2 protein chains.
Amino acid sequence: MITKNLEDYLEAIYNSIRTRGHAGTNEIARDLQVKPPSVTEMFRKLNERGWVNYKKYEGVTLTREGKRIAKNVSDVHSKVRKFLELIQVSSEQADEDACQVEHHLSQESIGQLSKFIEFIENCPEEQARWIEHFHYFSRHEELPAECRAAADKGLRD
Amino acid sequence: MITKNLEDYLEAIYNSIRTRGHAGTNEIARDLQVKPPSVTEMFRKLNERGWVNYKKYEGVTLTREGKRIAKNVSDVHSKVRKFLELIQVSSEQADEDACQVEHHLSQESIGQLSKFIEFIENCPEEQARWIEHFHYFSRHEELPAECRAAADKGLRD
DNA sequence: TGGCAAAGTTAGGTTGACCTAACTTCATTA
DNA sequence: TAATGAAGTTAGGTCAACCTAACTTTGCCA
């Protein structure tokens, strides 16, 4: 069974290779905010389980299966981050929280979150104004005039 | 420093007391899907840290501070669950995922999520139709006719 | 080309959370 | 009131993930 931690390491390796071209012990240690010996140990575990190719002093590369897992985690990560940014969480915090949350959502929730984001992105401009209304609401702690008028109307009816 | 696990125990104790009137070792063990000795051990830790009053063979009650923590966690839990239900995750799964996610959100994200839910709930009927549109989209994998018409119009303009 | 700094590893230890097996306490009822 | 089963605890262990201190390897350049 894979643990959330191992998933984190796979994701970090995946990102490191994409952005730096390689994944070294110290780099991953910095990324995950742990000390190098912890990384060496995890590299060995990932190697035993067949998710990375690890040669001492040469860093790691992902196996096909390791890459598949890393990509899945990374996809969930970006969906969660996107959602948090949509509801106006700062991008640094959104990224940080996504990193924590990514391991804890069921397939069902991930699916619905994807649909939700897709919906917002494909909604025609006119229909999607609600998200701007939310942004206003988020900043000012009250509904924008346009909405309040509608709400008042609703009350009168 | 409090750990996510201790938070989980506090929440479980809080819920047990609310629904059953007391929190016994075996009950909490069942709730958290662990064995009774694990619970006894955690009860002692929570007691040492001043979050519960623990007397051997008599179960636990929450201290003022313990209750505060439990209530916070529980509030986040219900917000996350509410959101997941809004995006059409089944209530059982929403509850289960909320339980996992509740410990991993920053104050900022929790704040924005609250606002988001509040926004949806206070949005006047007319403005809030988008959520129904999303529900349609979620079931049928395409925008409702009403939205598509608007989107097509948008393209022509 | 040899020595040195940076990168990486090994050894040994800690901590949190969990377990099983065996024990004790409690509460009930014959 | 004594015995019995349920509830709870203790003892002793495992495992994942982390650490520090000390060591080895590598790559570079004087």
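Please read these numbers as outputs of a predicted model, since none were measured by experiment. Convention: sequence-line order gives letters A, B, ...; per-chain numbering from 1. Note: hydrogens, waters and symmetry copies are ignored here, and every other heavy atom, side chains too, is used.
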- Task: Tell me which residues in residues 6-13 of chain A put a heavy atom below 4.0 Å from DNA chain D, sorted by number, or none.
- Result: A:Y9
- Message: Working note: B:K4 + B:E7, criterion salt bridge (Lys or Arg N to Asp or Glu O under 4.0 Å); need CA distance, chi angles, decisive distance, verdict.
- Response: CA-CA 5 Å; B:K4 309 189 184 311; B:E7 280 183 359; over 6 Å; no
- Touch check for B:R44, heavy atoms < 4.0 angstrom, all strands: base, sugar-phosphate only, or nothing? sugar-phosphate
- Item | Toward the 5' end of DNA chain D, by each residue's nearest nucleotide, B:R30 or A:R49 | B:R30
- Inter-residue atom distance B:H104.NE2 - A:L105.CG, 0.5 Å rounding: 10.0 Å
- Regarding B:N47 and B:R44, is there a side-chain donor-to-acceptor distance under 3.5 Å anywhere? no
- Item | Spacing of OG belonging to B:S90 relative to CD belonging to A:E108, to within rounding of 0.5 Å | 3.5 Å
- Are B:K82 and B:E121 close enough, and set up right, to give a salt bridge (Lys or Arg N to Asp or Glu O under 4.0 Å), and what steps lead you there? CA-CA 11 Å; B:K82 202 175 253 177; B:E121 289 178 340; 3.5 Å; yes
- Message: Give the residues of residues 32-43 of chain A touching DNA chain D, defined as any heavy atom closer than 4.0 Å, sorted by residue number.
- Response: A:V34, A:K35, A:P37, A:S38, A:E41, A:M42
- Message: Mind checking if A:G24 touches a base, just sugar-phosphate, or nothing, with heavy atoms under 4.0 Å?
- Response: sugar-phosphate
- Any Lys/Arg nitrogen of B:E48 or B:K45 sitting under 4.0 Å from an Asp/Glu carboxylate oxygen of the other? no
- Query: For the pair made of CG in A:N26 and P in D:dT26, what is the distance, rounded to whole Å?
  - Reply: 15 Å
- Message: Parallel, tilted or perpendicular, judged at 30° and 60°: which one describes the rings of B:F83 and A:F116?
- Response: perpendicular
- Message: Looking at A:K56, I'd like to know whether one of its side-chain N or O atoms comes within less than 4.0 Å of OP1 or OP2 on D:dT24.
- Response: no
- Taking any atom under 4.0 angstrom from a heavy atom of chain A, which nucleotides of DNA chain C are the first and last to qualify, 5' to 3'? C:dA7 to C:dT10
- Expressed in angstrom and rounded to an integer, what is the separation of A:Y57 atom OH from D:dC28 atom P? 17 Å
- Value rounded to 0.5 Å, distance of CD in B:Q107 from CG in B:N72: 7.5 Å
- Message: For the CD atom of B:Q100 and the OG atom of A:S109, what is their distance to the nearest 0.5 Å?
- Response: 11.0 Å
- For B:D97 and B:L84 the tightest heavy-atom approach is CB-CD1, 3.8 Å
- Atom CD in A:Q93, atom CD in B:Q112: separation rounded to 0.5 Å? 11.0 Å
